[in-house]
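The structure appears right after this line, and notes come after that.
Start at 1 with the first residue, then count along the sequence.
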Amino acid sequence: MRVLAVNDISCVGKCSLTVALPILSACGATVDILPTSLLSTHTAGFVGYTFLPLDEEMKKICDHWDTLGLQYDVIYSGYLGSRDQIDFVKSLKKRFLKSGGIFVADPVLGDNFKFYKGFDEGFAADMYGLCAVADYILPNETESFLLTGERDFSKALAKLATVCPHPVITGANAEDGYYLYYFDQGEHRIPLKHYEGSFHGAGDLFAAAFAGAVGSGKSIEEALTLSAKFVLCSIERSMREVPDIKYGMNYEKELHILTEAFKD
Ligand code: PXL
């Protein structure tokens, strides 16, 4: 399986491409990367970070790849640094996804019912357009609200399902507990163990594991269950080991969950 991961490089803070590479590799994928921006750290919790959008470089990289005839089984997109980049990433599907390949989009917009720095309603509207060309989308509860205007998960999921065949709302805090909500010819839910606190990078760990799992032919239910197990074990470890969670989660010693699931 050959995967193209489109995401930023946050040099510090264990998210985006720096976690997508090891996680997708643990799923047995050959991973190529298209960096969308280069930051000294991610934007949540650090002050004074540097941010270099790579819009022009992304175009040049892809023009070179055209000459190589590269084609991918899976394209997985995450944090995008500008509205132009959203448009550009839409075009990657036609250019680089094999026929029958899978496009997984994580519409990274915000958390705790707030936009991440630099994003706004216009950005969310464009991200909705990217969701409409994806096979699977992985908004968290904040992003599902920012995309649809709905706080009710069933209503948000139904709205997202009008544009994408397999929306998943990750970490949805419903009245009767925490769930993964997903649409697969109808609404389904998988209950999640809940941990107090906010775990930076958890969404990126989940998205990379999920992209690796569905790309390897697992059903949506199997892929969600496996990715949730990997992330929940990483959360438990991080609660014990990481004093300052903005530096990211300790997931490395949980990668065996993925390597074991994808043994030949
Ligand atoms: O984990 C999501 C993410 C990815 N990339 C950057 C971010 C964030 C969340 O804060 O700032 C640069």
Side-chain angles (χ1 to χ4, degrees), residues 1 3 5 7 10 12-29 31 42 44-45 74 76 78-79 102 104 106 108 111-112 136-144 153 166 168-174 176-182 184 188-264:
M1 169 186 37
V3 179
N7 216 329
S10 288
V12 168
K14 295 205 273 191
C15 62
S16 318
L17 283 182
T18 66
V19 303
L21 266 162
I23 291 170
L24 283 159
S25 299
C27 296
V31 197
H42 62 72
V74 177
Y76 152 53
Y79 182 97
I102 296 171
V104 179
D106 184 7
V108 176
D111 210 352
N112 301 315
Y136 297 88
I137 55 172
L138 306 169
N140 61 28
E141 62 174 352
T142 298
E143 290 154 351
S144 86
F153 298 118
H166 296 113
V168 177
I169 304 175
T170 62
N173 179 8
D176 57 345
Y178 281 78
Y179 293 90
L180 289 169
Y181 277 71
Y182 69 99
D184 185 22
H188 305 268
R189 302 197 303 179
I190 298 175
L192 289 177
K193 202 163 160 191
H194 178 62
Y195 300 91
E196 257 340 292
S198 167
F199 296 91
H200 193 271
D204 294 357
L205 302 189
F206 185 85
F210 179 80
V214 283
S216 302
K218 296 221 179 275
S219 70
I220 183 166
E221 187 185 6
E222 289 167 339
L224 290 172
T225 304
L226 177 65
S227 314
K229 180 177 176 196
F230 168 62
V231 173
L232 293 175
C233 290
S234 301
I235 288 177
E236 281 176 11
R237 177 179 287 280
S238 300
M239 289 174 78
R240 294 193 303 271
E241 296 181 355
V242 179
D244 186 352
I245 203 67
K246 71 174 181 291
Y247 283 92
M249 289 167 55
N250 279 3
Y251 66 93
E252 298 84 348
K253 288 185 181 166
E254 305 301 336
L255 286 172
H256 67 92
I257 294 169
L258 301 174
T259 45
E260 277 154 25
F262 295 103
K263 266 209 294 267
D264 276 339

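Annotation for Cys27 and Met1: closest pair O-CE, 4.1 Å, computed over non-hydrogen atoms. The two residues Ser198 and Asn112 have their closest heavy-atom pair at OG-ND2, 4.3 Å. Minimum interatomic distance between Val74 and Gly215 (heavy atoms only, all atoms of both residues): CG2-CA, 3.6 Å. The heavy-atom pair separating Pro22 from Leu17 by the smallest distance is CD-O, 4.5 Å. Nearest heavy-atom pair across Leu24 and Ala208 is CD2-O, 3.4 Å. Among all heavy-atom pairs drawn from Phe262 and Ala213, the shortest one is CZ-CA, 3.7 Å.
Note that CD1 of Ile190 and OG1 of Thr225 are 4.0 Å apart. Values are rounded to the nearest 0.5 Å. Here the CD atom belonging to Glu141 is positioned 8.0 Å from the CG atom belonging to Asp111, to the nearest 0.5 angstrom. The OG1 atom of Thr18 sits 9.0 Å away from atom CD1 of Ile23, with the distance rounded to the nearest 0.5 Å. For the atom pair CD of Glu236 and CZ of Phe199, the computed distance is 10.0 Å after rounding to the nearest 0.5 Å. Taken from CG in Leu255 to CD in Glu260, the straight-line distance is 11.0 Å, to the nearest 0.5 Å. To the nearest 0.5 Å, atom NZ of residue Lys253 and atom CD of residue Glu241 are 6.0 Å apart.
Here the side chains of Met249 and Val242 are not in contact, with every heavy-atom distance at 4.5 Å or above. Between Asp176 and Arg189 there is a side-chain heavy-atom pair separated by less than 4.5 Å. Put simply, the side chain of Leu192 does not reach to within 4.5 Å of the side chain of Tyr179, judged on heavy atoms. Two residues are said to be in side-chain contact when any heavy atoms from C-beta on lie closer than 4.5 Å; Asp106 and Tyr79 fail this criterion. A 4.5 Å side-chain heavy-atom check between Ser238 and Ile245 finds at least one atom pair inside the cut-off. Residues Asp184 and Glu221 form no side-chain contact, since every pair of their non-hydrogen atoms from C-beta on lies 4.5 Å or further apart. At least one side-chain heavy atom of His200 sits under 4.5 Å from a side-chain heavy atom of Cys15. Taking 4.5 Å as the limit, some side-chain heavy atom of Phe206 sits within range of a side-chain heavy atom of Leu180.
Checking Lys14, Arg240, Arg237 one by one against Asn250, the side chain to side chain donor-acceptor pair (under 3.5 Å) holds for a single residue, Lys14.
Using cut-offs of 30° and 60° on the angle between ring planes, the pair Tyr181 and Phe153 is tilted. Using bins of under 30°, 30° to 60° and over 60° for the plane-to-plane angle, the ring pair Tyr251/Phe230 lands in the perpendicular bin.
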